[in-house]
Amino acid sequence: MSNMTIVGAQWGDEGKGKIVDLLTSEVDMVVRFQGGNNAGHTVIVDGQKYVLHVVPSGILHPGKMCIIGNGVVLDPESFLDEIDALQSLGLDVSPERLKISYKTHLIMPYHRIIDGAREGHAKSKIGTTGRGIGPCYEDKKARVGVRAGDLTDPEVLRAKIEHALQEKNVLFTQLYGLPALDPETVFNDLMAIAPRLVPYLADVSTLIMDADAAGKNIMFEGAQGVMLDIDHGTYPFVTSSNVVCDNASIGSGVHAGMIDQRIAIVKAYTTRVGSGPFPTEQLDDMGEFLRRQGGEYGATTGRPRRCGWIDLVVLREMVRLCDPTSIALTKVDVLSGLKEIKFCVAYEYEGKVMQYPPQTPRGLDNVKPVYEVLPGWDEDLSTCTTWESLPGNCRRYIERIENILGVKIGFISVGPDRNQTFRR
Ligand code: GDP
Ligand code: IMO
Ligand code: MG
């Protein structure tokens, strides 16, 4: 075993939480390195469902260290609600095993307001989760953000909030028609919960590197999916952080050479929440079949997910950007009962057939999927535990994906429960 990064390969909701939980048994520490409570990672153990938003999915395994890295954006109130909920389910979420980097940026009430107001005003909505993620990352880049470590110095914190609100209150009152926020109220609200947050703060970069030096195994848990990456995804319909594997090192303060395994989580079909291009989307009964069979409703916002066939052009791009050492293929069971299964192997763009997304200024706009078709299978897969027990047509489907991508599919998931996964 060694250190590994787990990322979503498509537009999120591939089943990262489930695979992170499964592999946590083999590591000592799980680190979230980007995103925030826009994520919803579902883990089901013995019929009990847990949805993790910013707490690493490793938290379900007693004794494993869980870390929230500098690359994450943390909503203090939502974090406390999340740990309260986990604690009420009997989990240990004490500061002894859960740490937050001093450098993690805090999502402030004004970030959530801006997120909501912008989406309300926009002609072309991104369809964000409304959690204030984008505005918080903006402030980080603008160097006016509030970091978790600021909670230990009230005067610095107050000055930062006053400074931020000078600009934002103009936006609220003059552009959005909203009341101004009182800096003192924002400060007092945050100070009221600071005593609960401060015990979690730590120099996590050193913690992780020390663990590595002591021979411990570390897993880096990504959120969202590669096509939602701020640089390499379907901009502007993306999230505001880098999702690709290599951000694991930057988002947690370790050098890239420390991580040698990269597992991409691929759903056996495609889903997307929010707006933006989705070439293989099925707007008819087929999309409805996938949504119903796959239970495709957002784990964070409850929105119905858009559904369509697997897109190997998108996945080839993910392989090019991340070079995964292995793929975990999830939700294969959802495809049972289909006569035929389509998969997009190329795009047609301006009369040309392309294996990769067209490297044009407009990315995936105006592409048409080129499909290959394979016969489906009827068998219920939910109790399959070996490669041999899968129907022949299912094995051929999986092998075709593997051949096209040139990456070993090392894990196959056939149901939401922790034990409905096997290695190949
Ligand atoms: P994440 O954001 O990548 O962690 O994924 P989500 O939790 O948002 O969405 C994945 C959904 O699929 C959850 O409801 C999981 O319980 C469920 N799930 C995960 N793997 C499988 C699988 O192999 N089969 C089925 N039927 N459901 C799965
Ligand atoms: P997990 O980790 C699916 C999408 C939103 C929206 C866009 C921008 O559970 O896979 P944001 O609130 O981040 O500014 O929204 O990104 N999005 C996700 N879609 N799964 C997620 O997380 C997502 N996190 C953000 O729907 O289209
Ligand atoms: Mg999710």
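Worth knowing before you read on, the calculation uses all heavy atoms, side chains too, and leaves out hydrogens, waters and symmetry mates. In listed order, ligands and their atoms are each counted from 1. In this text the structure is predicted, and so the values were computed from the model without any measurement. Position 1 is the first residue of the sequence, and the numbers go up from there.
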(request) Say whether Gly12 and ligand 1 are in contact under the criterion: heavy-atom distance to a ligand atom below 4.0 Å. (result) no
(message) Could you identify the single nearest non-hydrogen protein atom to atom 20 (N) of ligand 2 and state the distance to 0.1 Å?
(response) Asp13 OD1, 3.2 Å
(request) Verify, without hydrogens or angle tests, whether Ser275 (side chain) and Lys125 (backbone) share a donor-acceptor contact under 3.5 angstrom. (result) yes
(request) Return yes when Gly8 approaches ligand 2 closer than 4.0 angstrom through a heavy atom, no otherwise. (result) no
(message) Regarding atom 9 (O) of ligand 1: of the candidates Gln420, Arg305, Glu14, Glu296, which has the closest heavy atom?
(response) Arg305
(message) At less than 4.0 angstrom from any non-hydrogen atom of Lys16, what atoms of ligand 2 do you find?
(response) 1 (P), 2 (O), 10 (O)
(message) Once you restrict to heavy atoms under 4.0 Å, what part of Trp11 touches ligand 2? Side chain, backbone, both or neither.
(response) backbone
(request) Answer yes or no: is there an ion pair linking Glu77 with Arg196, defined by an N-O contact shorter than 4.0 Å? (result) no
(message) Could you identify the single nearest non-hydrogen protein atom to atom 15 (C) of ligand 1 and state the distance to 0.1 Å?
(response) Thr42 CB, 4.0 Å
(request) Give the contacting part of Val414 toward ligand 1: side chain, backbone, both or neither, where contact means a heavy-atom distance below 4.0 Å. (result) backbone
(message) With 2.8 Å as the limit, count the protein N, O or S atoms near the Mg ion (ligand 3).
(response) 2
(request) Please confirm whether Phe343 and Tyr397 have ring centers closer than 6.0 angstrom. (result) yes
(request) Salt-bridge test for Glu296 and Arg291: reply yes if a basic N is under 4.0 Å from a carboxylate O, no otherwise. (result) no
(message) For ligand 2 and Thr128, I'd like to know whether there is a polar contact (N/O to N/O, distance under 3.5 Å).
(response) no
(request) Determine the sole option in Asp84, Leu98, Thr104, Val93 for which the side chain to side chain contact (heavy atoms under 4.5 Å, CB included) test with Phe79 is passed. (result) Leu98
(message) Counting the benzene-type ring for Trp, do Tyr137 and His105 have ring centres under 6.0 Å apart?
(response) no
(request) Would you mind running through ligand 2 and noting each atom that sits below 4.0 Å from a heavy atom of Ala223? (result) 2 (O)
(request) Among all protein heavy atoms, pick out the one at the shortest distance from atom 10 (C) of ligand 1; state its residue, atom name and that distance to 0.1 Å. (result) Asp13 O, 3.9 Å
(message) Quick test: of every protein heavy atom, which one is nearest to atom 6 (P) of ligand 1, and how far off is it to 0.1 Å?
(response) Gly40 O, 3.5 Å
(request) Specify side chain, backbone, both or neither for Arg272, according to which of its non-hydrogen atoms lie closer than 4.0 Å to ligand 2. (result) neither
(request) Assess Glu221 for proximity to ligand 1: is some non-hydrogen atom of it under 4.0 Å away? (result) no
(request) Run down the list Val273, Ile133, Thr42 and name the one with the heavy atom closest to atom 27 (O) of ligand 2. (result) Val273
(request) With atom 21 (C) of ligand 2 as the reference point, say which of Arg306, Gln224, Met227 has the nearest heavy atom. (result) Gln224
(message) Just to check, does His41 reach to within less than 4.0 Å of ligand 2 when the distance is taken from its heavy atoms?
(response) yes
(message) Tell me every residue that passes salt bridge (Lys or Arg N to Asp or Glu O under 4.0 Å) with Lys99, counting only those two or more places apart in sequence or in another chain.
(response) none
(message) Is it the case that ligand 1 has an N or O less than 3.5 angstrom from some N or O of Ile44?
(response) no
(request) Answer with side chain, backbone, both or neither: which part of Leu228 has a heavy atom less than 4.0 angstrom from an atom of ligand 2? (result) side chain
(message) Among all the protein's non-hydrogen atoms, which is closest to atom 11 (C) of ligand 1, and how far away is it?
(response) Lys331 NZ, 3.5 Å
(message) Let me confirm one number: the NE2-CD1 distance from His111 to Ile133, rounded to the nearest 0.5 Å.
(response) 10.5 Å
(message) How long is the straight-line distance from CG of Leu374 back to CD1 of Ile398, given to the nearest 0.5 Å?
(response) 11.5 Å
(request) Among all protein heavy atoms, pick the one closest to atom 23 (O) of ligand 1 and tell me residue, atom and distance. (result) Ser413 OG, 2.5 Å
(request) Identify, for atom 5 (C) of ligand 2, the protein heavy atom at the shortest distance, and state residue, atom and that distance. (result) Gly127 O, 3.6 Å
(message) Test of understanding: given a 4.0 Å heavy-atom threshold, classify the contact between Val238 and ligand 2 as side chain, backbone, both, or neither.
(response) backbone
(message) Is there a polar contact between ligand 2 and Gly40, counting only N or O atoms under 3.5 Å apart?
(response) yes
(request) Please check if atom CG in Asp284 has more than 12 non-hydrogen atoms from other residues, nucleotides or ligands closer than 6.0 Å. (result) yes
(request) Starting from atom 4 (O) of ligand 1, find the nearest protein heavy-atom neighbour and note its residue, name and distance. (result) Gly17 N, 2.9 Å
(request) Starting from atom 19 (C) of ligand 1, locate the nearest protein heavy atom and write down its residue, its atom name and how far away it is, to 0.1 Å. (result) Lys18 CD, 3.9 Å
(request) With sequence neighbours excluded, tell me which residues meet side-chain hydrogen bond (donor to acceptor under 3.5 Å, both in side chains) with Gln10. (result) none
(request) Just jot down the salt bridge (Lys or Arg N to Asp or Glu O under 4.0 Å) partners of Lys64, sequence neighbours excluded, or say none. (result) none
(request) Output the list of atoms in ligand 1 that are nearer than 4.0 Å to some heavy atom of His41, sorted by atom number. (result) 1 (P), 2 (O), 4 (O), 7 (O)
(message) Using a 4.0 Å cut-off to any heavy atom of Gly274, which atoms of ligand 2 qualify?
(response) 27 (O)
(request) Identify which one of Ile114, Leu106, Val144 satisfies the side chain to side chain contact (heavy atoms under 4.5 Å, CB included) criterion when paired with Asp139. (result) Val144
(request) Using a strict cut-off of 4.0 Å, indicate which atoms of ligand 2 neighbour a heavy atom of Ala39. (result) 1 (P), 2 (O), 9 (O), 22 (O)
(request) Give yes if a backbone or side-chain nitrogen or oxygen of Gly415 is under 3.5 Å from a nitrogen or oxygen of ligand 1, and no if not. (result) yes
(message) Looking only at protein heavy atoms, which one is nearest to atom 12 (O) of ligand 2, and what is the separation?
(response) Thr129 OG1, 2.6 Å
(request) Pick one of side chain, backbone, both or neither for how Arg303 approaches ligand 2, counting any non-hydrogen atom pair under 4.0 Å. (result) side chain
(request) May I ask you to identify the nearest protein heavy atom to atom 26 (N) of ligand 1, giving residue, atom name and distance to one decimal place in Å? (result) Asp333 OD2, 2.7 Å
(request) Identify, for atom 13 (O) of ligand 2, the protein heavy atom at the shortest distance, and state residue, atom and that distance. (result) Thr239 OG1, 2.6 Å
